[in-house]
A.B. asks: 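Structure provided below as structure tokens; questions to follow.
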Amino acid sequence: MSESETKFHLIPEAPTPVGPFCHATERDGWVTLTGQMPTDPDDDNAPLPEGVQAQTTRVMENLILVLKGLGMGLEDVVSAGIYLTEFKRDFYPMNDIYMAYFPKDRRPARTCIGVTALAVDALVEIDFVARRPAP
């Protein structure tokens with residue numbers, strides 16, 4: 001496969017997708033990670049963690065599993081999209097967890113929006129865009 005062809009990645013260690021999509025797509029060194037839910041990577045049927053902070057932690061850990069499966073890490077993330085079902089209530093508690101994953105001077109660009117609902121009744125979903133380092 002050439003560098004300019006799109007690659008579709010399913011990562012065995014990551015949670016089973018909750019819909020008809022892959023964990024990430026890649027083209028020309030740019031990698032778009034599908035939004036992750038706070039689902040347990042070892043048990044699709046396990047209850048979701050309680051509260052937005054615990055769910056944010058699980059979502060971030062799931063994103064790290066996808067990045068590791070691609071041979072990448074949080075240092076490669078250039079942008080994040082965050083979706084909250086209870087924006088006013090959960091924005092600051094979510095940020096408390098999210099900020100701990102990135103050094104203060106290396107936080108990716110980000111959009112955070114309120115939504116009416118998320119799959120599996122999650123409170124938070126996060127997606128990433130990452131870039132592979134130049135060879």
Side-chain angles (χ1 to χ4, degrees):
M1 180 173 279
S2 76
E3 181 70 16
S4 63
E5 292 182 63
T6 302
K7 300 172 190 169
F8 300 88
H9 301 282
L10 277 170
I11 309 302
E13 298 79 19
T16 303
V18 298
F21 44 79
C22 60
H23 289 114
T25 57
E26 179 173 2
R27 187 176 185 116
D28 296 328
W30 289 98
V31 182
T32 303
L33 280 70
T34 294
Q36 289 296 301
M37 308 310 295
T39 52
D40 186 323
D42 298 319
D43 182 359
D44 297 342
N45 296 313
L48 297 181
E50 288 290 324
V52 74
Q53 289 186 315
Q55 286 194 20
T56 301
T57 299
R58 180 72 264 156
V59 167
M60 291 298 292
E61 294 301 319
N62 289 346
L63 286 161
I64 289 169
L65 288 172
V66 174
L67 287 166
K68 283 184 181 179
L70 297 166
M72 301 175 79
L74 289 173
E75 67 277 5
D76 299 310
V77 175
V78 297
S79 180
I82 302 176
Y83 311 90
L84 295 169
T85 60
E86 297 289 339
F87 191 89
K88 287 182 180 182
R89 181 191 72 192
D90 291 343
F91 180 73
Y92 292 106
M94 176 277 302
N95 277 326
D96 289 342
I97 301 302
Y98 176 87
M99 288 186 307
Y101 282 89
F102 297 99
K104 190 174 183 177
D105 62 344
R106 296 272 306 150
R107 293 186 181 142
R110 190 182 100 170
T111 299
C112 184
I113 61 171
V115 297
T116 58
L118 291 168
V120 302
D121 292 325
L123 299 173
V124 60
E125 179 176 351
I126 302 174
D127 61 42
F128 283 159
V129 175
R131 176 81 166 145
R132 288 197 182 273

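Side chains are part of it too, since the values below use all heavy atoms of this structure and drop only hydrogens, waters and symmetry mates. Everything numeric here is computed off the predicted structure, so don't read it as measured data.
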A.B. asks: Stepwise, does the side chain to side chain contact (heavy atoms under 4.5 Å, CB included) test hold for Val66 with Asn62?
C.D. replies: CA-CA 6 Å; Val66 174; Asn62 289 346; 5.9 Å; no

A.B. asks: Return yes if some donor-acceptor pair links the side-chain N/O of His23 with the main-chain N/O of Pro15 below 3.5 Å, else return no.
C.D. replies: yes

A.B. asks: Compare every heavy atom of Val52 with every heavy atom of Pro93, then report the nearest pair and how far apart it is.
C.D. replies: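 Minimum heavy-atom contact is CB-CG1, 3.8 Å.
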
A.B. asks: According to a hydrophobic-cluster definition based on side-chain heavy atoms being under 4.5 Å apart (Ile, Leu, Val, Met, Phe, Trp, Tyr only), do Tyr92 and Val59 belong together?
C.D. replies: yes

A.B. asks: Nearest heavy-atom pair of Met37 and Ala119: which atoms, and what distance?
C.D. replies: CE-O, 3.2 Å

A.B. asks: Could you walk me through whether Leu84 and Gln55 satisfy the side chain to side chain contact (heavy atoms under 4.5 Å, CB included) test, starting with their C-alpha distance in whole Å, then the side-chain angles of each, then the deciding distance to 0.1 Å, before giving a yes or no?
C.D. replies: CA-CA 11 Å; Leu84 295 169; Gln55 286 194 20; over 6 Å; no

A.B. asks: Would you compute the distance between atom CG of Asp127 and atom CD of Gln36 and round it to the nearest 0.5 angstrom?
C.D. replies: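 Taking CG in Asp127 and CD in Gln36, the distance rounds to 9.5 Å.
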
A.B. asks: Check this for me: Asp121, atom CG, are more than 12 non-hydrogen atoms of other residues, nucleotides or ligands nearer than 6.0 Å?
C.D. replies: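 Not buried by this count: 12 neighbours or fewer within 6.0 Å.
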
A.B. asks: What distance do Leu67 atom CG and Met60 atom CE have between them, rounded to the nearest 0.5 Å?
C.D. replies: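 Output value for this atom pair is 9.0 Å.
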
A.B. asks: Assess whether side chain to side chain contact (heavy atoms under 4.5 Å, CB included) is satisfied between Tyr101 and Thr57, documenting all intermediate values.
C.D. replies: CA-CA 9 Å; Tyr101 282 89; Thr57 299; 3.5 Å; yes

A.B. asks: Nearest heavy-atom pair of Met94 and Thr56: which atoms, and what distance?
C.D. replies: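 That closest heavy-atom pairing would be CG-OG1, 3.4 Å.
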
A.B. asks: Would you say that Pro103 contacts Glu75 through its side chain, given a criterion of any heavy-atom pair below 4.5 Å between the two side chains?
C.D. replies: no

A.B. asks: Looking only at heavy atoms, which two atoms of Pro12 and Leu10 are closest? And how far apart?
C.D. replies: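 Residues Pro12 and Leu10, closest heavy atoms: CD-O, 3.5 Å.
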
A.B. asks: Out of curiosity, does Ile113 fall in the hydrophobic cluster containing Leu118 (side-chain heavy atoms, cut-off under 4.5 Å, transitive links)?
C.D. replies: yes

A.B. asks: Measuring from Arg131:CZ to Glu26:CD, what's the distance to the nearest 0.5 Å?
C.D. replies: 9.5 Å

A.B. asks: Please round to the nearest 0.5 Å and tell me the distance separating atom CG of Leu33 and atom CG of Leu70.
C.D. replies: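 Going from the CG atom of Leu33 to the CG atom of Leu70 covers 6.0 Å.
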
A.B. asks: Looking only at heavy atoms, which two atoms of Phe87 and Gly114 are closest? And how far apart?
C.D. replies: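 Minimum heavy-atom separation between Phe87 and Gly114: CD1-N, 3.6 Å.
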
A.B. asks: So if you build clusters from Ile, Leu, Val, Met, Phe, Trp, Tyr with side-chain heavy-atom gaps below 4.5 Å, do Phe102 and Ile126 land together?
C.D. replies: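 Yes, Phe102 connects to Ile126 through the hydrophobic network.
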
A.B. asks: Supply the atom-to-atom distance Leu74 CG to Phe128 CZ, rounded to the nearest 0.5 angstrom.
C.D. replies: 5.5 Å

A.B. asks: Looking only at atom types and distance, does a side-chain atom of Thr39 sit under 3.5 Å from a main-chain N or O of Asp44, one as donor and one as acceptor?
C.D. replies: no

A.B. asks: Measure across Ala122 and Pro38 and return the closest heavy-atom pair with its distance rounded to 0.1 Å.
C.D. replies: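 Reported closest heavy-atom pair: CB-CD, 3.5 Å.
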
A.B. asks: Is a donor on one side and an acceptor on the other found under 3.5 Å between the side chain of Arg110 and the backbone of Ile82?
C.D. replies: no

A.B. asks: Give a yes or no on whether Val77 and Ile97 share a hydrophobic cluster (residues Ile, Leu, Val, Met, Phe, Trp, Tyr; joining criterion: side-chain heavy atoms under 4.5 Å apart).
C.D. replies: yes

A.B. asks: What's the spacing between Thr116 OG1 and Tyr83 OH if we round to 0.5 Å?
C.D. replies: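 OH of Tyr83 is found 13.5 Å from OG1 of Thr116.
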
A.B. asks: Quick check on the hydrophobic clustering: are Val18 and Val115 connected, directly or via other members, by side-chain heavy-atom contacts under 4.5 Å?
C.D. replies: yes

